[in-house]
Protein chains: 4
Amino acid sequence: MFIKIDLQSEIPIYTQLQNRIIEGIVSGDLKAGEPLPSVRTMASDLGVNMHTVNKAYNFLKQDGFIQIHRQKGVVINPDGMPEVTSEYLGKFKQEIRPIIAEALCRGMKEEDFSTFCQEVFNNLQEKRG
Amino acid sequence: MFIKIDLQSEIPIYTQLQNRIIEGIVSGDLKAGEPLPSVRTMASDLGVNMHTVNKAYNFLKQDGFIQIHRQKGVVINPDGMPEVTSEYLGKFKQEIRPIIAEALCRGMKEEDFSTFCQEVFNNLQEKRG
Amino acid sequence: MFIKIDLQSEIPIYTQLQNRIIEGIVSGDLKAGEPLPSVRTMASDLGVNMHTVNKAYNFLKQDGFIQIHRQKGVVINPDGMPEVTSEYLGKFKQEIRPIIAEALCRGMKEEDFSTFCQEVFNNLQEKRG
Amino acid sequence: MFIKIDLQSEIPIYTQLQNRIIEGIVSGDLKAGEPLPSVRTMASDLGVNMHTVNKAYNFLKQDGFIQIHRQKGVVINPDGMPEVTSEYLGKFKQEIRPIIAEALCRGMKEEDFSTFCQEVFNNLQEKRG
DNA sequence: GTGGTCTAGACCACT
DNA sequence: GTGGTCTAGACCACG
C-alpha cells in the first residue's frame, strides 16, 4: 500500500490522507481488521507532521472507517464499513451538487457524466478483481 | 433570482456564491447576456463584503462564465458557456473521485449512485421546463 | 479607416483609441494634415462616450500626434510626427522592460524575440507598400 | 535581493512587484526552488499591505513562476519556468504592438529598436554572467 | 508562523 | 455609478 501525497495541492494533507485510505479500502488494498501504520510511522513515511496524520485518523475513526486502540494501534474497522445513512446522503448530495451544476453548465450530457463516473468507479475498483 | 448564502458554512462565501450563480445559469434563472448585480449591490443584498463578491465574480470571469465590463458591470457570458475541456475534465475527475470512493466504501451500489445523481440533475434543471 | 474597439478589454477605451490612431498613421491610412472625425462623430461611430474620445484626442494632441483646432476640427499633425526624445526613450524602455523580462524568463531566445517583433513591424506597415 | 517599488507610479503596486520578481529570476538573483519572503514579511519590507503582496504572488503562481505551499511559504517554481505558449505569444504581441507602433510613428528605425531592446536585454541579464 | 478568508472603509479611473 | 486598487486589522485552518 503506497500512499502518495501532493504537498503542493490546495487540498489539506490530512484530507488527502483520508481519501487515500478510503480508496485503499475500496480497492481492496486495505482489508477489514488489517492494521494501519502508527501515527508516527505514517508521518515519517509521508514526511509530514504527526498532528496531520493524527487528524486524518481521528476523522476516519469518527466516521467509522477505522478503529484506534491504545495498545493494538490502528486497524481498518473489523466490524465493517459505515452505512449509507441519511445524514451521509445529505452530505453526498451537497458535495456533488456544484460538480454536477458546473458539468451541466459546460454542456456535459448526462450520459457523458455517467461514462466519466463509470471510469472513476472502475479505476477505484480495478485492483479488486 | 434569490441567492442564499450560508454564512456559517465552512465553504468560503465566495465559493458558495460561484456555485449559486452557476446553478442559476443551469436552472435558466440567469440567461446569456443578462446582467448580474454590481459587486456592491450583490454584497449588500447578501450582507457580505464587496471584496468577497468581487473574488467570486473574478473567478467566474476567469473560467468564462461571466464577463466583467469595466464600467458597464457584470453579465452572464453572452458568447456562451465554457466547454468541457481536457483541463476541466481533469479537475472534474479529481473532485468526484473521493466522493465516489466514500460512496463505494459505504456500500452504495452504482445504480443507487446514478439514481441520486439523477435526482440532483433534475433538481438543478427543474425550472428549465 | 475602420477603428475597432474591444469593449470587453481591460485596456481603457481611450487608450485603445489612441493606439488605433497611431497605428493608422503608421500604416499610412492616416496622412499628415488629414482630418479626423469630430469628437461627436467618432464617439457615435464607436458607440462610446464623447468624454472618452475627447480624452484620447487630448493625449494625442499633448504628445504631438494631432492638432485640435476650434473651427477646423481635428487633423493629423501636418508639421510631422513627434521625435524620439530622451524623455520618450525613457518611457519606451520602462514599458518594454517587463515584456522582455517575462520573455527571457520563459526562455524566449533573443533571436525569436527579434523575429516576433519583426512580424509586428511588418504587420503594422503592411498597408504602406 | 532588494526590491524597490514606486508608490507614486500609476502602475499598480502588485504589478510592479510581479515585474520585479520576474526580473529577479531573469537576473539570477532568484533561483529555482529558492524561497520568497512570506506575504507579511514582503509587505512590511515594501511598506505596503499584505493583500497587495498576496495579489502579486497569486498572479505569479497562476502563471507558473512561483509555487505557494500552504504553510511552508512561497518558492520560485523548482520545476522550471513556464514556456512560451501560443497563449502567451498572443499576449506578448498584443502588449508590444502599441509600443512598436508609437516607435515607428516617431520615426525610430528598426535597427535602433533592436539596439534599444539589446540594451534592455543586457541590463536584465547583467548579473547573470 | 504560514497563507486563506473576510470586513469596513477609502480613493481613483473610466464612462 | 461601475469596477480596480489599496489599507488596516481580524480570525481561522494548517502544519
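Chain A is the first sequence line, chain B the second, and so forth, proteins listed ahead of strands; every chain is numbered from 1. From a predicted model like this one, the values you see are computed outputs, not experimental measurements.
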Note to self: How would you summarise protein contacts on nucleotides 8-15 of chain E per nucleotide, using B for base, S for sugar-phosphate only and - for none, with heavy-atom distances below 4.0 Å?
What the structure shows: BBBB-BBS
Check: What residues, two or more places apart in sequence or in another chain, satisfy side chain to side chain contact (heavy atoms under 4.5 Å, CB included) together with Pro82(D)?
Finding: Arg106(C), Phe65(D)
Next item on the list: Find the distance Asp6(B):CG to dC6(E):P and express it as a whole number of Å.
Entry: 12 Å
Note to self: Can you list everything that forms a side chain to side chain contact (heavy atoms under 4.5 Å, CB included) with Asp45(D)? Sequence neighbours excluded, please.
What the structure shows: Thr41(D)
Check: What residues form a side-chain hydrogen bond (donor to acceptor under 3.5 Å, both in side chains) with Arg20(B), not counting sequence neighbours?
Finding: Glu23(B)
Item checked: Strand DNA chain F as a dot-bracket string - pairs counted if Watson-Crick or G-U with both distances under 3.5 Å, | where the partner lies in another strand -> ||||||||||||||.
Next item on the list: Please name all residues satisfying side-chain hydrogen bond (donor to acceptor under 3.5 Å, both in side chains) with His69(D), sequence neighbours left out, ordered by chain then number.
Entry: none
Notebook entry, point to check: Quick one: CZ on Phe92(C) to CD1 on Ile99(D), what's the gap to the nearest 0.5 Å?
Noted result: 7.0 Å
Checklist line | Residues which pass side chain to side chain contact (heavy atoms under 4.5 Å, CB included) with Gln94(A), listed by chain and number, not counting sequence neighbours | finding: Ile11(B)
Next item on the list: Measure the distance from CD on Gln8(A) to C1' on dT2(E) and round it to the nearest whole Å.
Entry: 16 Å
Next item on the list: Tell me, please, which residues at least two apart from Lys91(A) pass side chain to side chain contact (heavy atoms under 4.5 Å, CB included).
Entry: Tyr88(A), Glu95(A), Glu102(B)
Check: With sequence neighbours left out, what residues match Glu10(B) under side-chain hydrogen bond (donor to acceptor under 3.5 Å, both in side chains)?
Finding: none
